[in-house]
Amino acid sequence: MNAAFPLTPGSAAQAFLARAHGLFIGGRWVAPLAGKRFDVFDPGTGQKIATAAAGESADIDAAVAAARAAFTGPWAKFTAAERGKVLWKIADLVEQHAQELTELEILDNGQPLAVAQYVVRHVVPDFFRYYAGWPTKIEGATIPTAPQGRRPGEVLSFTLREPIGVVGAITPWNAPLPMLMVKLAPALATGCTLVLKPAELTPLTALRMAELCAEAGAPEGVVNVVTGFGETAGAALSAHPGVDKIAFTGSTEVGRLIVKAAVGNLKKVSLELGGKSPVIVFADAVLEQVIPGAARACFFLQGQNCMAGTRLYVHEKIHDQVVNGVAAIARTMQLGHGLDPASQFGPLISAEQRERVRGYVEAGKREGGELVCGGGAPSRAGYFFEPTVFARMRADMTPVKSEIFGPVLCVQSFGDADLDRVAAEANSTIYGLSGSVWTRDIGLAMQMVRKIDSGQVSVNIHAALDPAMPFGGNKQSGWGREFGKEGLEPYLKTKGVSVAW
Ligand code: ADP
């Protein structure tokens with residue numbers, strides 16, 4: 001750990017890091033059966049901060065068995081109101097342990113303090129409380145039927161909404177706690193049980209959350225956490241015949257592998273995958289909102305964010321002002337360790353990720369993009385990369401087409417008559433996750449909202465997430481929706497019941 005940001009000796013986060021982390025299966029910490037472990041690094045310093053258990057196929061078997069026993073056993077006896085109480089209590093416990101979770105999330109992932117604090121104090125508790133209200137409102141329907149010539153009143157038909165069963169949740173490293181939260185809350189609300197496999201780069205907060213779920217009253221086996229690698233633990237979970245559903249967030253490439261692995265027992269799959277979201281700025285937009293908005297859209301979480309607005313289309317009349325304004329923000333963003341309150345921009349997750357990003361920047365330069373700012377890695381410990389702006393980009397350039405998952409903004413301009421061309425370009429990637437339109441003209445905004453093929457389009461704001469608002473991807477950005485009432489659907493199955501007398 002960077003000597004400049006030691007955790008207070010005796011702090012909860014320090015004590016947690018010092019533990020010999022195991023797997024959380026059936027309400028207990030257990031050692032991985034094959035005895036393997038892996039190192040966990042602080043991306044802000046590049047130093048090792050902990051080791052975690054490398055769970056494999058046999059550990060997944062044990063976790064799935066525990067989840068199945070809980071699903072058919074104690075968890076099935078909880079009333080809807082009791083499940084709601086558990087969810088509410090998780091929110092309370094997250095607030096009570098906010099300092100510890102904030103520090104662990106920063107050390108694991110690198111995000112700046114202000115982001116982690118907001119996530120832990122607001123985003124996560126609000127999300128659990130939103131879903132705490134749902135168990136008591138999951139209802140089927142009464143349906144007017146007349147099967148086999150029966151007359152009205154002779155058959156009562158209705159639907160039961162039942163939990164889908166044992167869920168395998170596989171999550172990425174870019175926002176470890178929120179990614180876990182979006183699987184955990186609806187799964188618990190519907191009465192499912194889970195085996196969580198957090199990303200190997202960021203296993204820490206998932207382990208702590210497992211304990212908090214138990215403390216909140218989730219019976220043993222309801223929430224199991226198996227840390228480990230994607231190719232071993234993740235693959236075993238996706239292929240497991242005892243898992244009823246996989247909820248995955250990560251790359252489109254791994255999403256495809258998961259779909260293939262799920263074929264064996266035809267388990268249900270929901271996927272939240274990559275993105276390459278457009279930010280479209282018309283000439284009448286309010287520049288004081290657009291400039292910080294476009295910078296945030298791309299650089300939030302260092303661009304390691306599936307919703308990142310990495311393709312900026314600006315009307316030619318205001319092109320230079322917007323580019324200069326965004327570049328000025330990029331140049332002055334304070335890079336630093338997430339635990340330093342002055343930091344506005346953290347490191348990338350790993351040295352490997354930094355090299356990937358660098359590769360895309362080099363491709364952009366080679367292909368003729370104008371590098372306005374950034375483009376390099378500062379010489380300091382940790383996996384930092386400067387916020388980068390490219391102007392004069394074209395649709396066929398590598399950084400415009402690819403999901404970089406790093407802080408690289410590609411700017412293109414358009415003129416008055418180009419509404420359909422801009423929409424076509426906005427839609428020209430394989431992705432369709434998010435996007436935003438910036439204008440004062442509500443009619444124009446609504447036309448663009450209709451034309452953009454993505455699961456989320458915002459006007460004069462980018463990535464407007466809220467627990468109540470469905471979120472998910474079109475095209476190769478995913479299957480299904482998370483958040484909101486729709487976010488319950490992937491965890492429920494419908495049983496049609498007809499009673500004749
Ligand atoms: P990212 O691009 O964000 O690193 P990945 O898609 O590589 O995302 O990883 C997201 C999650 O998927 C991680 O928990 C990772 O361990 C897991 N994973 C990677 N490969 C596989 C696989 N073959 N099967 C199942 N899970 C995997």
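Every number for a ligand or one of its atoms is a count from 1 in the order of the listing. Computed from heavy atoms alone, side chains included, the values below leave out hydrogens, waters and symmetry copies.
- Comment: Lys48 engages Asp39 in a salt bridge, judged by a side-chain N to carboxylate O separation of less than 4.0 angstrom.
- Looking at Phe229, Phe248, Trp173, Phe405 and measuring to atom 10 (C) of ligand 1, the nearest heavy atom belongs to Phe248.
- Scanning the protein heavy atoms around atom 7 (O) of ligand 1, the nearest turns out to be Val254 CG2, 3.8 Å.
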What verdict does the side chain to side chain donor-acceptor pair (under 3.5 Å) test give for Tyr360 and Arg358, after you've listed the backbone C-alpha separation in whole Å, the side-chain angles of each residue and the deciding distance to 0.1 Å?
CA-CA 5 Å; Tyr360 282 114; Arg358 200 198 301 274; over 6 Å; no
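- Comment: Arg208 engages Glu100 in a salt bridge, judged by a side-chain N to carboxylate O separation of less than 4.0 angstrom.
- Counted by atom type alone, Thr227 and Glu200 present zero donor-acceptor pairs between their side chains at under 3.5 Å.
- Of the protein's non-hydrogen atoms, Ile170 CG2, 3.6 Å is the one closest to atom 17 (C) of ligand 1.
- Taking 4.0 Å as the cut-off between side-chain N and carboxylate O, Lys245 and Glu489 do not count as a salt-bridged pair.
- For ligand 1, none of its N or O atoms has an N or O atom of Glu231 under 3.5 Å away.
- In terms of protein heavy-atom proximity, atom 23 (N) of ligand 1 is nearest to Leu257 CD1, 3.6 Å.
- In terms of protein heavy atoms, atom 22 (C) of ligand 1 is closest to Gly230 O, 3.4 Å.
- For ligand 1, none of its N or O atoms has an N or O atom of Thr249 under 3.5 Å away.
- Aromatic ring orientation, Trp134 versus Tyr130: perpendicular (interplanar angle above 60°, classes split at 30° and 60°).
- Under 4.0 Å is where a charged nitrogen must lie from a carboxylate oxygen, and between Lys36 and Glu56 at least one such pair does.
- Residue contact annotation: Thr171 has a non-hydrogen atom under 4.0 Å from ligand 1.
- In this structure, atom 15 (C) of ligand 1 lies nearest to the protein heavy atom Glu200 OE1, 3.5 Å.
- Using a 4.0 Å cut-off to heavy atoms of Lys197, the atoms of ligand 1 that qualify are 13 (C), 14 (O), 15 (C), 16 (O).
- Close approach of ligand 1 to Ser238 is summarised as follows: ligand atoms under 4.0 Å from at least one heavy atom of the residue are 25 (C).
- The nearest protein atom to atom 5 (P) of ligand 1, hydrogens excluded, is given as Ser251 OG, 3.7 Å; this is a heavy-atom distance.
- Between Arg129 and Glu95 there is a salt bridge, since at least one side-chain N of the basic residue sits less than 4.0 Å from a carboxylate O of the acidic one.
- Of the N or O atoms in Pro172, none lie within a sub-3.5 Å distance of an N or O in ligand 1.
- Among all non-hydrogen protein atoms, the one lying nearest atom 25 (C) of ligand 1 is Gly234 C, 3.2 Å.
- With respect to Arg481 and Glu272, no salt bridge is recorded, no charged nitrogen being found less than 4.0 Å from a carboxylate O.
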